[in-house]
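Order of the sequence lines fixes the chain letters, A, B, ..., with proteins taken first and strands second; residue numbering starts at 1 for each chain. Because the structure is predicted, anything quoted here is derived from the model rather than measured.
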Number of protein chains: 2
Amino acid sequence: MRPSAKKIASLLSQKGYKLTAQRRAVIDVVVNSHEHLAPAALYERVRRTHPAIGLVTVYRTLEMLHELGLICRVHRGEKHGYTLAPSGHHHHLVCTECGTVADFTGCDLEALQQRLSQQTGFKIEGHLLQFLGYCRDCQGGT
Amino acid sequence: MRPSAKKIASLLSQKGYKLTAQRRAVIDVVVNSHEHLAPAALYERVRRTHPAIGLVTVYRTLEMLHELGLICRVHRGEKHGYTLAPSGHHHHLVCTECGTVADFTGCDLEALQQRLSQQTGFKIEGHLLQFLGYCRDCQGGT
DNA sequence: TTATAAATGAAAAACATTTTCAATTAAGTA
DNA sequence: TACTTAATTGAAAATGTTTTTCATTTATAA
Ligand SMILES: [Mn+2]
Ligand SMILES: [Mn+2]
Ligand SMILES: [Zn+2]
Ligand SMILES: [Zn+2]
């Protein structure tokens, strides 16, 4: 269940963040787009309703939302894509042809993580998992 | 078992690549360093024996070696680190404090991959897996 | 209303990576 | 060995993303 802009906003002020027009604008765009958009693309959309906003602010807001676990990030080479975090922990399947992203849950890495902790002595705090391939539409072509 | 510079070189010419002094120099550095170095760091080292080399050539050579599966890449935010690929398919544990990287094998994602293929219709060609945490030396600090 | 720390945004800086293109060169062929 | 040529190189500029700086603005609590 996707959180609403209202819910996110109240969570922010609860955490002591100021509720600025810019933050609301970024949150609105994130909530209303279902793709994993890059900061620049989100910036473009935010500017439609809030032309004076700075790209920096978009970056800062995304960073903040990401730290709070409210949005998720997909890795595409140098670029990042952000979208609302669906329901908690999840990962991505990325089409290397068209860029489509599909979310999935149930990565089931606990056993592996435990083994690695023992073998290496690392205290593991998180992981990055992403599958790459061709989405249904991009198979069969060149 | 780490492949030797000679082995890599002969593989390249076998594949139709020219064996240039620059490529040899990059390969030598990669073979002789056990860290996952960024292109800029590798460039620095290569320049010690080959001062005239261009950073572009380092990038191009790393790209080529990576395509051929001869070196592996670790993802650290925007930067990449490269090192000789140990024995085939493996992944990384990265210390978010000091940057230490540990390799591991046995990611065991086949079952998950199969499930995702069925659920999403993606034709999965590869994956990106990385654990993040604190290495032994960086635990207990701040 | 006032005080104040947080937040903003323009501009510049910092990086990493890629593109361009003229000059060079490895390696096969005569 | 002396060509021939396509591959390779590297300087420079371009690209593109993200961060830093710092003066100005503003949300929020008192
Ligand atoms: Mn997602
Ligand atoms: Mn490795
Ligand atoms: Zn696709
Ligand atoms: Zn460490």
Side-chain angles (χ1 to χ4, degrees), chain A residues 5-6 8-29 36-68 71 73-82 96 99, chain B residues 5-6 8-29 36-68 71 73-82 96 99:
Chain A
K6 195 163 287 183
I8 291 177
S10 75
L11 197 110
L12 287 196
S13 66
Q14 205 180 27
K15 292 263 177 185
Y17 293 98
K18 288 187 181 176
L19 271 188
T20 64
Q22 292 90 332
R23 284 178 176 165
R24 288 176 192 283
V26 172
I27 291 167
D28 278 348
V29 168
H36 291 74
L37 297 172
L42 286 161
Y43 173 61
E44 266 314 302
R45 294 199 184 184
V46 173
R47 289 223 287 180
R48 291 178 199 162
T49 63
H50 200 298
I53 199 174
L55 177 57
V56 217
T57 300
V58 174
Y59 269 95
R60 288 193 276 231
T61 305
L62 291 173
E63 173 64 23
M64 182 190 75
L65 294 171
H66 185 245
E67 294 257 283
L68 294 172
I71 57 175
R73 192 210 308 256
V74 63
H75 298 252
R76 330 165 143 283
E78 317 318 307
K79 279 188 195 171
H80 292 148
Y82 292 89
T96 50
Chain B
K6 196 163 287 183
I8 292 176
S10 74
L11 198 109
L12 288 196
S13 67
Q14 205 180 29
K15 293 263 178 184
Y17 293 99
K18 287 187 183 176
L19 271 187
T20 64
Q22 292 91 332
R23 283 177 177 165
R24 288 177 192 281
V26 172
I27 291 167
D28 278 347
V29 168
H36 292 72
L37 297 172
L42 287 161
Y43 172 60
E44 267 313 304
R45 296 201 182 184
V46 173
R47 289 223 286 179
R48 291 179 198 160
T49 62
H50 201 298
I53 200 174
L55 177 56
V56 218
T57 302
V58 174
Y59 269 96
R60 288 192 277 229
T61 305
L62 291 173
E63 171 65 22
M64 184 191 74
L65 294 172
H66 186 245
E67 295 256 285
L68 294 172
I71 58 175
R73 193 210 308 254
V74 62
H75 298 254
R76 332 165 141 282
E78 315 318 308
K79 279 187 195 173
H80 294 148
Y82 292 89
T96 51

Practice task
Using a 4.0 Å heavy-atom cut-off across all strands, classify B:Arg60 as base, sugar-phosphate, or nothing.
Solution key: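 Result for B:Arg60 = base.
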
Practice task
Name the nucleic acid region contacted by B:Ala40, choosing base, sugar-phosphate or nothing; use a 4.0 angstrom heavy-atom cut-off, strictly under.
Solution key: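 Contact class for B:Ala40: none.
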
Send over the distance from [X] [atom1] to [N] [atom2], rounded to a whole Å.
X	N	atom1	atom2	answer
A:Arg23	D:dT26	CZ	P	15 Å
A:Tyr43	D:dT18	OH	C1'	14 Å
A:Leu55	C:dT8	CG	P	13 Å
B:Ile53	C:dT25	CD1	C1'	14 Å
A:Arg24	C:dA7	CZ	P	14 Å
B:Tyr59	C:dT19	OH	P	13 Å
B:Leu19	D:dT9	CG	C1'	15 Å
A:Glu63	C:dT8	CD	P	14 Å

Considering only heavy atoms from C-beta outward, does the side chain of [X] approach that of [Y] to under 4.5 Å?
X	Y	result
A:Asp28	A:Thr49	no
B:Val26	B:Tyr82	no
A:Ile53	A:Val58	yes
A:Glu44	A:Arg47	yes

Problem - Distance test, side-chain N/O of B:Gln22 to OP1/OP2 of D:dT8, below 4.0 Å - result: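 Result: no.
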
Exercise for the section: Compare side-chain N and O positions of A:Thr57 against OP1 and OP2 of C:dA7 and report whether any pair is under 4.0 Å apart. Expected result: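 No, A:Thr57 has no side-chain N/O under 4.0 Å of OP1/OP2 on C:dA7.
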
Exercise for the section: Ignoring the backbone of B:His80, work out which of C:dA26, C:dT17, D:dT20 is nearest its side chain. Expected result: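 Of the candidates, C:dT17 comes closest.
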
Practice task
Side chain of B:Lys18 only, please: which of C:dT25, D:dA11, D:dT20 is the nearest?
Solution key: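 Minimum distance to the B:Lys18 side chain belongs to C:dT25.
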
Handout entry: Residue whose nearest DNA chain C nucleotide is more 5′ - B:Ala21 or A:Ala52
Key =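 Taking each residue's closest nucleotide, the earlier one in sequence belongs to A:Ala52.
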
Practice task
Please round to the nearest 0.5 Å and tell me the distance separating atom NZ of B:Lys15 and atom CG of B:Leu11.
Solution key: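 If we round to the nearest 0.5 Å, B:Lys15:NZ and B:Leu11:CG are 6.0 Å apart.
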
